Amino acid sequence: MSGETMSTTPTEDRALIIELLNAYSFALLDRNWEAWLATFTPDGHADYTTAGGIAGTPAQAAEWLQNTFGMFDVTSSQASNAIVTFTGNDSASVRSMYKMVMRIPGDTPTYMEANGWYQDKVVRTKDGWRIADRFEHILYVR
């Protein structure tokens, strides 16, 4: 994601912000914590407390996710229905839905599904749009 061309129109910015959300989801799928961290600003904040997680720096959240994902042999995250509201030329509020499917291995694998939405504050940096603050609102886990 580094080296992105800075956009000049809201339409281009929306597309880049949606791409940022997709990069976040694929980094989770791949368990690529370096790529996942790259979706945040260095001083960002992530709050996963509604899912039993932590609130803290992206590095702290990545450590929690990595430990949590250790019990699953498959995790798949999808982001959708993003609403981008610009709060300035270089900032926006984003609400997007997610669905996460996880599999606990075994002779008869167990599947879990989590669904909810994220409330994000994103900012334009020298490397493109990044998440400055993420709050997860979990609707259910089954």
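Just so we're clear, the structure is a prediction, and the values are computed from it rather than from any experiment.
For the atom pair OG1 (T57) and CG (L37), the distance works out to 8.5 Å, reported to the nearest 0.5 Å. In this structure, CG on N22 lies 12.0 Å from CG on L29, to the nearest 0.5 angstrom. The structure places NZ of K99 at 6.0 Å from CD of Q78, a figure rounded to the nearest 0.5 Å. One distance of note links CE of M102 with OG of S76; it measures 10.0 Å at 0.5 Å rounding. Summarising the geometry, atom CG belonging to N115 is positioned 6.5 Å from atom CD belonging to E113; distances are rounded to the nearest 0.5 Å. The distance from atom CE of M71 to atom OG1 of T110, rounded to the nearest 0.5 Å, is 12.0 Å.
V101 is not listed as a side-chain neighbour of M112, based on a closest heavy-atom distance of 4.5 Å or more. Residues V94 and I17 are in side-chain contact: their nearest non-hydrogen atoms beyond the backbone lie under 4.5 Å apart. Looking only at side-chain heavy atoms (C-beta outward), F86 and S91 stay at 4.5 Å or farther from each other.
Heavy-atom minimum distance, A82 versus L21: CB-CD1, 3.9 Å. For the residue pair A55 and D47, the shortest heavy atom distance occurs at CB-CG, 3.7 Å. A pairwise comparison of heavy atoms in G53 and W64 identifies CA-CZ2, 3.2 Å as the closest pair. The shortest heavy-atom contact between A61 and A46 is CB-CB, 3.9 Å. In plain terms, the two heavy atoms of D120 and S96 that are nearest each other are OD2-OG, 4.5 Å. Shown here for S93 and T87, the closest heavy-atom pair between the two residues is N-CG2, 4.2 Å.
For Q60, the CD atom is densely surrounded, since the number of other residues' heavy atoms within 6.0 Å is greater than 12. Within a 6.0 Å sphere centred on CG of N89, heavy atoms belonging to other residues, nucleotides or ligands number 12 at most. Heavy-atom contacts from other residues, nucleotides or ligands closer than 6.0 Å to CD1 of I83 number 12 or fewer.
In terms of modelled atom types and a separation under 3.5 Å, the side chain of R31 and the main chain of F69 share a donor-acceptor contact. Judged purely by atom type and a 3.5 angstrom limit, E12 uses its side chain to pair as donor or acceptor with the backbone of T9. No donor-acceptor distance shorter than 3.5 angstrom exists from the side chain of R134 to the backbone of I131, with no hydrogens or angles considered. With hydrogens and angles disregarded, no donor-acceptor distance shorter than 3.5 Å links the side chain of T49 to the backbone of I54.
L28 is connected to I104 through a chain of hydrophobic side-chain contacts under 4.5 Å among Ile, Leu, Val, Met, Phe, Trp and Tyr, so both are in one cluster. Under a hydrophobic-cluster definition in which Ile, Leu, Val, Met, Phe, Trp and Tyr are linked whenever side-chain heavy atoms come within less than 4.5 Å, directly or via other members, W117 and M100 are assigned to different clusters. Under the 4.5 Å side-chain heavy-atom criterion for Ile, Leu, Val, Met, Phe, Trp and Tyr, M97 and I18 are members of distinct hydrophobic clusters. Linking Ile, Leu, Val, Met, Phe, Trp and Tyr residues whenever their side-chain heavy atoms come within less than 4.5 Å leaves V123 and Y118 in two separate clusters. Using a 4.5 Å cut-off between side-chain heavy atoms of Ile, Leu, Val, Met, Phe, Trp and Tyr, with links allowed through other members, L65 and F135 fall into different hydrophobic clusters.
Results of the ring pair (Phe, Tyr, Trp, His ring centres under 6.0 Å) test with Y24 over W36, W33, Y98, W129 single out W36 as the only residue that passes.
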Worked verdict on R130 versus F40 for side-chain contact (heavy atoms from CB on, under 4.5 Å): CA-CA 5 Å; R130 297 293 182 264; F40 286 87; 5.8 Å; no
